[in-house]
Structures are given as structure tokens and as C-alpha cells.
Chemist: 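Mind looking over this structure? Questions follow.
Only this structure's heavy atoms are used, side chains among them; waters, hydrogens and symmetry mates stay out. The chains referred to below are lettered A, B, ... by the order of the sequence lines, with proteins before strands, and numbering in each begins at 1.
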There are 4 protein chains.
Amino acid sequence: MIAQAKKTKKQTEKQQKIVETAIRLFAEKGYANTSTSEIAKQAGVAEGLIFKHYGTKENLLRSVILPFFKSSLPDMAEEVFAEVLPAKTTSFEEFLRALLHNRIQFFYENKQILQVVIKEIIYNESLKKELLPYLADTIRFRFKNTIEMFKARGELKDIPTDDIVYLLLPVLGGFIISRFVIVDVDVIHESEVEKLIEFIMGGIRKNEH
Amino acid sequence: MIAQAKKTKKQTEKQQKIVETAIRLFAEKGYANTSTSEIAKQAGVAEGLIFKHYGTKENLLRSVILPFFKSSLPDMAEEVFAEVLPAKTTSFEEFLRALLHNRIQFFYENKQILQVVIKEIIYNESLKKELLPYLADTIRFRFKNTIEMFKARGELKDIPTDDIVYLLLPVLGGFIISRFVIVDVDVIHESEVEKLIEFIMGGIRKNEH
Amino acid sequence: MIAQAKKTKKQTEKQQKIVETAIRLFAEKGYANTSTSEIAKQAGVAEGLIFKHYGTKENLLRSVILPFFKSSLPDMAEEVFAEVLPAKTTSFEEFLRALLHNRIQFFYENKQILQVVIKEIIYNESLKKELLPYLADTIRFRFKNTIEMFKARGELKDIPTDDIVYLLLPVLGGFIISRFVIVDVDVIHESEVEKLIEFIMGGIRKNEH
Amino acid sequence: MIAQAKKTKKQTEKQQKIVETAIRLFAEKGYANTSTSEIAKQAGVAEGLIFKHYGTKENLLRSVILPFFKSSLPDMAEEVFAEVLPAKTTSFEEFLRALLHNRIQFFYENKQILQVVIKEIIYNESLKKELLPYLADTIRFRFKNTIEMFKARGELKDIPTDDIVYLLLPVLGGFIISRFVIVDVDVIHESEVEKLIEFIMGGIRKNEH
DNA sequence: TATGAATGAGTGTTCATTCAT
DNA sequence: CATGAATGAACACTCATTCAT
């Protein structure tokens with residue numbers, strides 16, 4: 001169900017090995033610091049084969065990133081929102097909790113691809129231009145709907161929805177990136193998630209009674 | 001006073017030009033995607049001169065990053081805290097506001113170096129290992145003191161100080177990085193800062209009366 | 001059987017050409033004065049191919065020297081001693097004559113590699129350290145045995161065997177080096193060999209009767 | 001009296017230092033493996049100064065080699081033969097002994113220049129072509145006269161003088177080169193010299209009585 | 001499909017040499 | 001006399017890519 005980014009239709013065993021190795025090396029050292037000869041060697045494959053299948057090194061990168069980006073990621077999103085939202089009784093906190101758990105699980109299982117995506121979006125201007133708008137639109141759209149729903153229920157402050165999304169995304173994104181990309185953790189504890197949720201919901205100011 | 005990372009003691013005009021050009025190109029395309037020959041060409045300098053002065057390409061990168069990192073950055077920090085804190089009457093909100101304005105101004109003026117630093121910390125494993133602990137320690141230490149002070153004044157919730165810092169840093173860092181590195185803005189509006197502050201202080205949950 | 005230093009197992013035609021050209025140029029101008037681009041050009045090969053096969057320029061040198069040194073040279077030695085010694089009746093003079101003819105033939109056929117070896121042993125400190133002890137041990141060991149045999153037969157003076165070897169090696173070595181390396185002759189005449197043998201055996205002092 | 005190769009007429013202190021350092025480095029690693037920048041650094045001098053004084057690197061090498069070669073060496077030779085020969089009563093053995101002691105002392109004191117000369121004569125085709133004939137002529141001429149004198153006295157075998165010289169030079173040269181250049185000894189013992197002399201005079205064949 | 005020899009443009013780096021000061 | 005910044009050609013080496021097998 002998850003981590004399916006690696007397998008498309010008909011891939012030979014060697015082709016599989018190439019993609020796996022490329023993902024691992026791109027994640028470890030970055031696309032620009034990984035040579036096709038190293039990929040070939042570690043994949044146990046002739047260097048020519050990479051070019052038979054993918055034409056260019058850049059295309060190999062896209063073949064790694066794009067499926068994850070254009071199919072797995074939105075599919076997953078669909079799932080989450082579909083999974084969580086129907087429960088009408090749920091609070092926004094419950095939603096956040098479910099979302100975070102789902103995402104964290106997903107990102108943990110696709111950590112290497114995620115690392116490649118983030119590193120290259122930051123490092124590679126043309127990939128950034130291509131992917132960032134897509135990412136922003138997709139995610140933002142879903143968030144807006146959900147937040148407006150909860151605002152209608154009176155659970156959230158009367159801040160404009162766009163502002164909430166605009167503040168929420170860097171916080172959630174920063175949290176996940178700092179954990180999975182900057183510090184390469186394997187596990188995010190339940191308590192961390194709870195603290196984050198409480199922070200997002202209530203801030204840090206002491207309320208007067 | 002600011003943007004002093006570029007000028008050290010005795011630098012010839014050409015040496016200046018090399019560093020400036022290197023910073024610009026590293027910021028635009030990343031260290032790994034920038035060739036020394038391109039730096040030389042755009043700096044109007046013989047390629048050999050780069051190596052006369054910096055020995056290796058990697059050392060040129062370090063000569064760009066390290067002064068910013070090890071001197072300018074903590075110096076600035078010192079300044080902010082010194083500037084803001086004495087005013088005992090100030091609230092934590094005032095402190096945050098002053099800090100953000102100061103940082104935003106500083107990062108705007110050093111935007112390119114900042115972009116280089118962040119890109120390479122994410123992309124270059126060995127630089128990350130070298131700089132991240134240093135960064136974390138320096139920044140974290142100052143924040144802890146300040147937060148504890150305001151906690152003592154009863155302005156902040158009774159969350160453990162470490163937890164507050166741990167939540168605050170990705171939020172502030174994520175905000176600045178997403179603005180200056182991912183989206184390459186020139187200006188951050190007053191209102192954005194105010195929204196961020198209110199978010200940090202009060203979260204998004206509607207308070208019951 | 002001889003000059004086999006050039007051909008190892010599976011070498012492509014171009015690889016052959018690289019080694020041949022490298023040997024020739026190293027012999028003519030020395031390793032340090034020969035550029036890989038010149039080798040490539042004269043071998044009719046892309047420069048990159050040299051590094052595909054040999055990794056570094058230094059490794060190309062070693063690939064030229066070491067097989068000659070560690071296999072051909074001792075193999076030959078084996079042969080000579082095996083060929084000459086069984087004939088119990090042979091005198092030491094006969095042995096010397098056979099040895100010299102064999103060596104001269106061998107060195108003539110491998111003249112260029114020999115020139116490379118000698119030039120680099122003299123010029124390249126690290127190669128000297130690596131090869132000289134090996135050379136000394138191998139050669140010296142065989143000589144000692146042979147000389148002791150002939151001493152036992154009463155053909156040679158009662159000088160300590162080590163001293164004889166220690167005097168004989170520079171003489172033989174100096175003779176061959178001065179002919180093949182310093183003066184680049186193609187042929188060493190029978191009469192030269194005879195004079196050398198008579199000199200070694202009898203010296204230059206006139207015997208009184 | 002000796003080691004005067006280093007000082008010509010008016011040399012500044014820095015110029016002295018350049019030549020000394022060049023000799024040392026050329027001797028250690030060879031001319032081709034020594035960079036002018038290294039010479040300058042180790043001599044404590046600006047790199048430009050080398051070229052102010054010597055024009056090119058090759059000219060620096062010649063300024064080191066030629067005075068030694070064209071003045072010191074023949075001068076010394078003159079001395080030896082003048083010193084030894086007058087004593088009419090002396091035997092050829094005595095002459096050889098005096099010659100060797102004189103040369104060994106001289107080469108020991110000029111070991112580094114000697115190493116440079118020998119290494120470059122073997123490595124540098126154009127220097128070889130220039131110096132070798134000169135060397136051969138000068139040395140050979142003096143030897144011939146001496147040997148003929150001793151032959152006239154009946155001390156030496158009736159081998160043609162040219163043959164004796166032709167055999168003697170590689171032996172003496174090989175002995176000195178193998179000691180001072182290949183093995184970098186500081187001292188040659190009296191006993192070694194004696195063995196060499198006895199070898200040259202009497203060979204190794206046991207004489208029948 | 002898969003190999004791996006071969007390419008050639010490009011990379012970081014070195015080095016002898018020049019020249020303004 | 002002396003410096004050292006600056007040059008540019010050459011150097012060893014890398015790498016994505018091609019192609020005959």
C-alpha cells in the first residue's frame with residue numbers, strides 16, 4: 001500500500017536495483033554528488049544499462065521523484081482526508097493528530113525518497129520551479145477546505161483561512177523536515193506529536209483566568 | 001556592521017570579486033553545480049588565482065561560510081539579546097518582535113550567504129556534521145535563558161523550557177527559511193510578522209469565555 | 001616467452017596500445033616528463049580511457065614496471081640458473097658467459113621497460129624503496145648459491161661470498177646499465193662480453209711467473 | 001677548496017639560499033618533481049626572485065650543474081693526478097687507492113650536486129647529450145695517459161688501453177653511483193675500498209701455483 | 001536485455017612565468 | 001634587489017553518454 005513509489009508496471013530486476021540504488025545514493029549524498037558509475041557499481045549493473053532505461057541521469061532523478069510526487073503523495077493525501085474527515089464528531093485536534101500520525105508513518109516508510117525530493121527542491125532551481133507550485137496548490141487546497149469546515153464549527157479563531165494555512169504549513173513542514181532530513185531520526189515519539197499539537201492549538205502565552 | 005562576512009583584512013580587489021561571485025553562484029546553483037572556471041570567468045579573473053588564494057574549491061566554500069557562521073552570526077545574536085533584554089518592562093511578545101525584525105533585516109542583507117549555508121547544510125553531509133551542533137548549541141543556549149526569564153515573570157505557559165525551545169526553533173527557522181530560501185522574497189511585511197507572533201503566542205484554538 | 005611483460009590476460013587492442021606507448025614515452029623522456037594527454041594522443045586513444053583502465057597515471061607506471069619486475073625478471077633468472085647449472089662440468093667462466101648472453105638478450109628485448117625501471121628507481125624515491133630491496137634479495141640469493149658452489153670446486157678465490165656478490169653486482173649491473181641506459185646501444189658484441197669476463201676473472205694486474 | 005660549486009662571484013644571501021635549496025630539492029626529488037614555488041617557500045624567498053635571477057627554471061638547474069661540471073670537476077681531476085703521479089715509485093694500486101680516496105671525499109662533500117647531476121644525466125635527454133661526451137672525453141683522456149704509463153712500467157696486462165679504460169670506468173662509476181646515489185650512504189669504509197682495488201687488480205679466479 | 005569498452009568535454013588543480021609596486 | 005598578485009597553459013582525472021557486441 002505504501003512505499004509503492006518504487007514499483008511501476010514492468011520493471012526488470014536490474015531496473016529495480018538501479019532505482020533503489022539511485023534513491024539511496026541521491027538521498028545520502030545528493031544528486032549532484034552521485035555519479036552514474038557509482039550507481040551502476042553499487043547496483044551490480046553495467047553503466048550503460050542506466051542509459052538504456054533512463055536516457056539521461058536527470059531523467060533517472062525524475063523517474064525517482066515524479067511518481068512519488070504526482071501519484072503517491074496526492075493519493076495518500078486523499079486517503080488521509082477521506083479517512084479522518086467523515087467522522088464528523090472529531091475535533092480539529094483529532095484531525096491534526098490523525099494527519100500527523102499518518103504523514104509521519106508515510107514519510108518514515110519513504111524517508112529516502114522524501115530526502116531526495118526535499119534536497120533537490122532546495123538545490124535544483126528547475127525542479128523547484130516545477131514541483132513547488134504543484135505541491136503548494138495540492139496541499140493548500142485540501143487544508144483550506146478542512147480548516148474552513150472546522151472554523152464553521154467554531155473550533156478555530158477568526159483568522160483568515162489563508163493565514164492559518166500559511167502559518168500551519170511551515171510549522172508542520174519544518175517539523176517533519178527537521179526530523180527526517182536535517183536530523184535523520186527513525187522514530188518520532190507520541191509525546192513529541194502531542195506537544196506540537198498543543199503548541200499549534202494554544203500557543204505559548206499563559207492565559208489569564 | 002552587517003554583511004561584514006565578505007571583507008576580511010587584506011584582500012585585493014580581485015580576491016573580493018572572487019568571493020562575491022562565489023557566494024552569488026553558490027547561492028543560485030549550489031556549490032556542487034558551480035565550477036571554478038565559471039566563478040573565474042564571471043569574476044573576471046584567471047582560474048588559477050582562486051587556487052592561489054583558497055587552495056581548493058572546498059576551502060573557498062568554507063571561507064565563505066565559516067566567517068558568517070562563526071563570527072557574524074553569534075555576534076548578531078549577542079547584539080539582539082543585549083539590545084532587547086535590558087528593557088525589563090518588555091513583554092515576551094516585544095522580545096519576539098524585536099528578534100524577528102533584527103533577524104529578518106540581517107538575513108535579508110546576507111541573503112545569499114544564508115542561502116549557501118542552508119543549502120550546503122542540507123546537501124553536504126560533512127558540513128552538516130560540522131556546523132549543525134555548533135548552531136544548535138549557540139542558539140539554543142541563548143533562547144533557554146531568555147525563555148526562562150519570561151517564564152519566571154509568569155508570561156509563558158508551564159511547558160518545560162526545552163520543549164518550548166524545541167518547538168520554537170523549527171517554527172522561527174522554518175518561517176525564515178521558507179521565505180528567504182524556498183521562496184526568494186526580498187521583503188517580509190510587518191503584518192506577516194505580527195501574524196506569526198500572534199500564532200506563536202496564542203495558537204489557533206478559539207478560547208472559550 | 002620473452003618480452004611478455006606487455007601482454008596480460010584480456011587486454012583490448014587499445015589497452016595494448018596505451019601500455020606500449022606509455023613504455024616508449026616513459027623510456028624516452030621519463031615518467032615525470034610524460035603527460036597522459038601525450039600518451040593518449042600517440043596511442044590514438046581518448047585520454048579518459050587511460051584512467052578507465054589504470055585509474056591513475058602512477059598506476060599505469062606500476063602496471064608497466066611491476067609485472068616485468070615481479071614475474072618476468074625472476075622467471076628469467078630461474079631459467080638461466082636452471083639452464084646453466086646442471087652441467088656440472090661447466091666452469092664459472094662458462095656460467096658467467098651464459099648468464100651474460102641470456103641477460104643481454106633479455107634486456108635487449110625489453111630495453112624500454114628496463115630503461116623505465118632504472119630511470120624510475122633512481123628518480124622516484126618511493127618506487128626505489130619498494131623495488132630495490134626486492135631486487136637485491138632475489139638476485140643476491142641466487143648469486144650466493146652459485147658462487148658458493150664454484151668456490152667449493154676451488155675455482156674462485158677465498159674471498160667471502162658476500163664480498164664477491166657485492167663486487168660482482170655493480171660490475172655486471174654497471175656494464176648493462178651503461179650500455180643499455182646511458183649509451184642506448186642495440187647490440188653488445190661478443191668480444192665485449194669476453195673482455196668483461198676476462199676482467200672479472202683475472203683483473204688487470206700482470207701476473208709474475 | 002671543495003664544495004665551491006655553490007659560490008660564484010657576487011651572490012646575495014637570498015640568491016645563495018635559492019641555489020642551496022634548489023640543489024637539496026633537486027637531489028631529493030629530481031628536477032622534474034620540484035616546483036619553483038616549493039624552492040621559493042623553502043628558501044624563504046618570493047617566487048619571482050628566482051626568475052629575476054635565473055630567468056627560467058631550467059636555467060636554475062644549469063646554474064647548479066654546470067659550474068660543478070665544467071670547473072670543479074676537472075679542477076679536482078687535475079689535482080688528483082698531479083698529486084699522485086709525480087711519485088714515480090708508486091704502483092698502480094697506490095694510484096687507484098689515492099684516486100678513490102680523493103674522489104670519495106670529493107663526492108661525499110658534494111653529494112647532493114652529484115646526485116642531481118647523475119639523476120638528470122639519466123633522466124634528461126638534452127642534458128645527457130650535452131654533458132656525457134664532455135665527461136667521457138675529459139676523464140678518459142686522463143685515464144689513458146696514466147694507464148699507459150703504468151703499462152710501460154710493466155705493471156698491467158697487455159690488454160689494449162682503451163679496453164682497460166672501458167672496463168674500469170663502469171666499475172669505478174658503478175661503485176660510486178651505487179653507494180652515493182642508489183644507496184645514500186654517508187661513509188665508505190676503508191675495507192670496501194681495499195676489496196674493490198684487489199678485485200680490479202686480481203679478479204676472482206683462483207691462481208694455480 | 002545487458003555489457004563494458006570507448007569517448008570527449010569538462011573539472012579541480014598545478015606550475016612556470018610576468019609584472020606592477 | 002625584492003615582493004607577491006596575477007596569469008594562462010597544461011595537467012591528472014571525472015563523468016555522462018554512446019555504441020558495437
Chemist: What is the distance, to the nearest angstrom, from the CG atom on C/N33 to the P atom on E/dC15?
Modeler: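 Taking CG of C/N33 and P of E/dC15, I get 13 Å after rounding.
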Chemist: Using modelled atom types and a 3.5 Å cut-off, is there a donor and acceptor pairing between side-chain atoms of A/N33 and backbone atoms of A/K29?
Modeler: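 Yes, the answer is positive, given that a donor and an acceptor are paired below the 3.5 Å cut-off.
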Chemist: Within less than 4.0 Å of OP1 or OP2 of E/dA16, is there a side-chain N or O belonging to D/T56?
Modeler: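 Negative; the distance criterion is not met.
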Chemist: Could you state the atom-to-atom distance from CD of B/E47 to P of E/dA16 in whole Å?
Modeler: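 Result: 18 Å.
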Chemist: Nearest-Å distance, CD (A/Q15) to P (E/dT3)?
Modeler: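 Atom CD in A/Q15 sits about 12 Å away from atom P in E/dT3.
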Chemist: Starting at atom CD of B/Q16, determine the distance to atom P of F/dA6, rounded to an integer number of angstrom.
Modeler: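 Distance check: B/Q16 CD to F/dA6 P gives 11 Å.
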Chemist: Can you check whether D/K52 has a side-chain N or O nearer than 4.0 Å to OP1 or OP2 of E/dC19?
Modeler: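 So the side-chain polar atoms of D/K52 never come under 4.0 Å of the phosphate oxygens OP1 or OP2 of E/dC19.
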Chemist: Reckon C/T36 has a side-chain N or O less than 4.0 Å from the OP1 or OP2 of F/dA12?
Modeler: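 Yes, C/T36 has a side-chain N/O under 4.0 Å of OP1/OP2 on F/dA12.
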Chemist: Relative to the 5' end of DNA chain E, which residue comes earlier, B/E58 or D/S37, by the nucleotide with the nearest heavy atom?
Modeler: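 Closest to the 5' end, via its nearest nucleotide, is B/E58.
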Chemist: In this structure, which one of D/F68, D/Y123, D/Y31 forms a ring pair (Phe, Tyr, Trp, His ring centres under 6.0 Å) with D/F26?
Modeler: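 Of all the options given, the one that passes is D/Y31.
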Chemist: Of the candidate nucleotides F/dC13, E/dG8, E/dA16, which contains the atom at the shortest distance from the side chain of C/A46?
Modeler: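 The answer is E/dG8, which lies nearest to the side chain.
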Chemist: I'd like to know if the side chain of B/E47 pairs up with that of B/S37 as donor and acceptor (distance under 3.5 Å, no hydrogens or angles considered).
Modeler: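 Their side chains do not contain a donor-acceptor pair, so the 3.5 Å distance test is not met.
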Chemist: Look at the side chain of B/F51 and decide which nucleotide, out of F/dA12, E/dG12, E/dC15, has an atom nearest to it.
Modeler: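 Closest of the options to the side chain of B/F51: E/dG12.
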Chemist: Drop me the distance from C/I121's CD1 to C/E130's CD, to the nearest 0.5 angstrom.
Modeler: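 These two atoms lie 10.0 Å from each other.
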Chemist: Between A/K17 and A/E13, does any NZ, NE, NH1 or NH2 come within less than 4.0 Å of an OD or OE carboxylate oxygen?
Modeler: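 The answer is no: the pair does not qualify as a salt bridge.
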Chemist: Can you check the C/Q11 CD to E/dG4 P distance for me, whole Å?
Modeler: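 Those two atoms, CD and P, are 17 Å apart.
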Chemist: Given pairs defined as Watson-Crick or G-U wobble with both distances under 3.5 Å, what dot-bracket annotation applies to DNA chain F, with ( ) intrastrand, [ ] crossing, | other strand and . unpaired?
Modeler: .||||||||||||||||||||
Chemist: Closest-nucleotide mapping onto DNA chain E: is B/G48 or C/V45 further toward the 5' terminus? I mean the 5' end.
Modeler: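 The residue closer to the strand's 5' end, by nearest nucleotide, is C/V45.
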Chemist: Go through the steps to decide whether A/Y54 and A/L61 satisfy the test side chain to side chain contact (heavy atoms under 4.5 Å, CB included), and finish with yes or no.
Modeler: CA-CA 9 Å; A/Y54 299 97; A/L61 173 64; over 6 Å; no
Chemist: Taking atom P of E/dT18 as reference, at what distance in whole Å does atom CG of D/N59 sit?
Modeler: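 Spelled out: CG on D/N59 to P on E/dT18 is 12 Å.
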Chemist: Ignoring the backbone of C/K57, work out which of E/dA16, F/dT3, F/dA12 is nearest its side chain.
Modeler: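 Nucleotide nearest to C/K57's side chain: F/dA12.
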Chemist: Find the distance B/E13:CD to E/dT21:P and express it as a whole number of Å.
Modeler: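 It works out to 12 Å between those atoms.
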Chemist: Take B/K14 and C/A32, find for each the nucleotide of DNA chain F with the closest heavy atom, and name the residue whose nucleotide sits nearer the 5' end.
Modeler: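 That would be B/K14.
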Chemist: Could you tell me the separation between the CG atom of D/L49 and the CD1 atom of D/I39, rounded to the nearest 0.5 Å?
Modeler: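 Those atoms lie 12.0 Å apart.
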Chemist: Once you round it to whole Å, what is the distance between C1' of F/dC13 and CG of C/L61?
Modeler: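 Taking CG of C/L61 and C1' of F/dC13, I get 17 Å after rounding.
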Chemist: If you compare all heavy atoms of D/K128 against all heavy atoms of C/V181, which two are closest, and at what distance to 0.1 Å?
Modeler: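 Nearest heavy atoms, D/K128 then C/V181: NZ-O, 3.2 Å.
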Chemist: For a quick test of reading the model: is some side-chain N or O of D/H53 closer than 4.0 Å to OP1 or OP2 of F/dA2?
Modeler: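 Answer is yes, contact under 4.0 Å.
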